[in-house]
Amino acid sequence: MFTSLFHDSRRLAMSRLLILYTGGTIGMRPSPAGYVPGEGFAERLAAQLAAHGGEALPSYRLVEMAPAIDSANLEPPTWNRLVEVLARHWDDHDGVVILHGTDTLAYTASALSFMLGTLDKPVVLTGAQIPLGQPRSDAPGNLALAMQVAAHPAAPREVCIAFHDRLLRGNRARKVDSLAMAAFDSPNAPWLGEAGIELRLEQVPTLPEGTPDFSSVAFEADRVGVLHCHPGMSPRLVETMLEDSRLQGLVLLTYGAGNPPGLEGHLMERLQRATESGLVVVNLTQCHRGSVRQGAYASGATLNEAGVIAGQDLTPEAALTKLQVLLGRGLRGMTLREAMATPLRGEMTAPAAI
Ligand code: GLU
């Protein structure tokens with residue numbers, strides 16, 4: 001999809017932060033066809049920081065992915081490339097800021113949280129709804145917040161998202177608004193911090209710290225999928241999907257507290273057959289907030305019998321990327337099922353606590 005080139009520029013000899021620019025609206029330029037990835041990001045970034053109090057922000061080294069991408073085109077192998085860059089520069093910096101398109105930012109944050117595992121420095125993703133340098137751009141504020149968090153000695157050692165004065169756990173976050181500046185939220189988890197006049201970091205239970213795992217993940221296309229239940233869902237299409245032998249993990253999006261449509265017994269029968277032949281199915285609610293309670297209603301209880309895992313309050317982004325990373329790390333069968341039902345990096349509330 002794109003070359004493996006990275007441009008590397010240093011602002012100061014002793015840079016405290018690594019800023020990794022991947023693309024997205026933050027660095028785009030207007031064109032007759034709409035916003036497109038723009039050239040000269042390093043110079044534009046330096047100019048904008050200079051105009052917005054950048055001398056009071058931590059020094060940084062900028063690494064640019066070339067070409068910059070619209071994050072809607074991002075594919076999982078890019079996550080390996082990001083991890084490679086982090087591995088190369090990790091020891092030389094106090095923290096990392098990743099500039100990313102907002103469309104798939106929550107997927108990347110989740111994927112990195114599962115790939116890297118424990119961290120001993122913050123990794124903070126941010127982007128913008130309006131490009132750097134455009135009137136009313138949110139880029140300078142988001143960037144300043146991300147840089148301050150990434151260099152903060154008390155910042156959580158985890159993958160997080162800094163956006164519109166909010167600091168969110170990466171694998172709990174979702175893009176919740178396509179137009180507003182407050183584009184991200186974590187509907188099922190408290191914010192990790194909030195920026196008013198002061199930057200306030202919440203005292204949420206911290207995740208275990210440690211050296212990250214920089215090993216690459218063997219991602220493969222076709223392994224995971226999503227089945228979004230809806231009135232009028234076609235049994236034929238369900239069958240086609242569940243019979244695909246390449247499919248190894250499925251996120252099932254059901255109604256309310258985790259209730260699937262009956263489809264006159266067809267869905268349950270197909271799901272049971274699929275889980276018996278090794279498909280790992282994780283049940284999530286379609287609701288914006290809340291958790292599945294598989295068993296609260298008879299229609300949901302049948303999912304337990306069919307071998308479907310209750311995904312608790314996981315976001316679809318976290319469930320999908322967790323499946324992709326764990327499958328890519330070779331987990332299968334019961335080990336994979338147990339890992340999907342257990343919080344690994346704060347991505348879900350433990351079953352007993354719900
Ligand atoms: N599709 C673009 C992207 O995700 C625009 C969204 C954005 O960056 O805000 O890269």
Side-chain angles (χ1 to χ4, degrees), residues 1-7 19-42 44-45 48-49 52 62-83 85 96-113 123-147 149-150 159-168 170-186 219 226 315-318 320-321 324:
M1 184 178 59
F2 42 66
T3 67
S4 61
L5 284 175
F6 283 92
H7 298 307
I19 298 186
L20 174 48
Y21 169 62
T22 67
T25 296
I26 192 166
M28 289 189 181
R29 284 183 182 283
S31 84
Y35 290 140
V36 288
E39 296 302 308
F41 182 75
R44 287 189 286 131
L45 177 69
Q48 284 297 312
L49 285 175
H52 290 90
L62 176 70
V63 174
E64 294 180 63
M65 200 164 72
I69 58 163
D70 179 321
S71 80
N73 295 326
L74 179 136
E75 296 290 338
T78 301
W79 297 328
N80 279 330
R81 294 182 52 208
L82 299 185
V83 168
V85 176
V96 177
V97 172
I98 300 179
L99 306 180
H100 197 290
T102 59
D103 284 349
T104 57
L105 193 147
Y107 289 88
T108 294
S110 286
L112 291 179
S113 78
V123 172
V124 188
L125 285 90
T126 194
Q129 292 283 67
I130 300 178
L132 203 64
Q134 294 298 304
R136 290 195 303 105
S137 173
D138 51 337
N142 289 345
L143 192 57
L145 175 60
M147 291 175 76
V149 170
V159 179
C160 31
I161 294 178
F163 212 97
H164 194 67
D165 295 340
R166 297 173 180 176
L167 183 66
L168 311 170
N171 55 30
R172 289 288 204 156
R174 307 203 70 190
K175 185 172 182 182
V176 294
D177 202 315
S178 62
L179 298 176
M181 299 306 196
F184 289 86
D185 200 353
S186 54
F219 292 112
V226 180
T315 63
E317 293 87 342
L320 270 171
T321 54
Q324 284 170 308

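Note that ligands are numbered from 1 as they come in the structure, with each ligand's atoms numbered from 1 the same way.
- Remark: ligand 1 and D70 share an N or O pair separated by less than 3.5 Å (distance only, no angle test).
- For T22 (side chain) and L99 (main-chain N/O), a donor-acceptor pair under 3.5 Å exists by modelled atom type.
- Taking the six-membered ring for Trp and thresholds of 30 and 60 degrees, F219 and W79 have ring planes more than 60 degrees apart, a perpendicular arrangement.
- Within the 4.5 Å cutoff, the side chain of T108 has no heavy atoms near those of the I98 side chain.
- Contact atoms of ligand 1 toward A128: 9 (O) (distance under 4.0 Å to a heavy atom of the residue).
- The ring-ring contact (aromatic ring centres under 6.0 Å, His included) test applied to Y107 returns no partner, not counting sequence neighbours.
- In terms of modelled atom types and a separation under 3.5 Å, the side chain of T104 and the main chain of S71 share a donor-acceptor contact.
- Nearest protein heavy-atom neighbour of atom 4 (O) of ligand 1: S71 OG, 2.5 Å.
- S137 contributes atom OG, which lies 7.0 Å from atom CE of M181 (distance to the nearest 0.5 angstrom).
- Ligand 1 has no atom lying under 4.0 Å from any heavy atom of A183.
- Among protein heavy atoms, atom 9 (O) of ligand 1 sits closest to T102 OG1, 2.5 Å.
- Each of the following atoms of ligand 1 lies closer than 4.0 Å to a heavy atom of G24: 8 (O), 10 (O).
- Residue contacts with ligand 1: T104 is placed with no nitrogen or oxygen under 3.5 Å of a nitrogen or oxygen of the ligand (distance criterion only).
- The T25 neighbourhood of ligand 1 comprises atoms 5 (C), 6 (C), 7 (C), 8 (O), 9 (O), with distances under 4.0 Å to a heavy atom of that residue.
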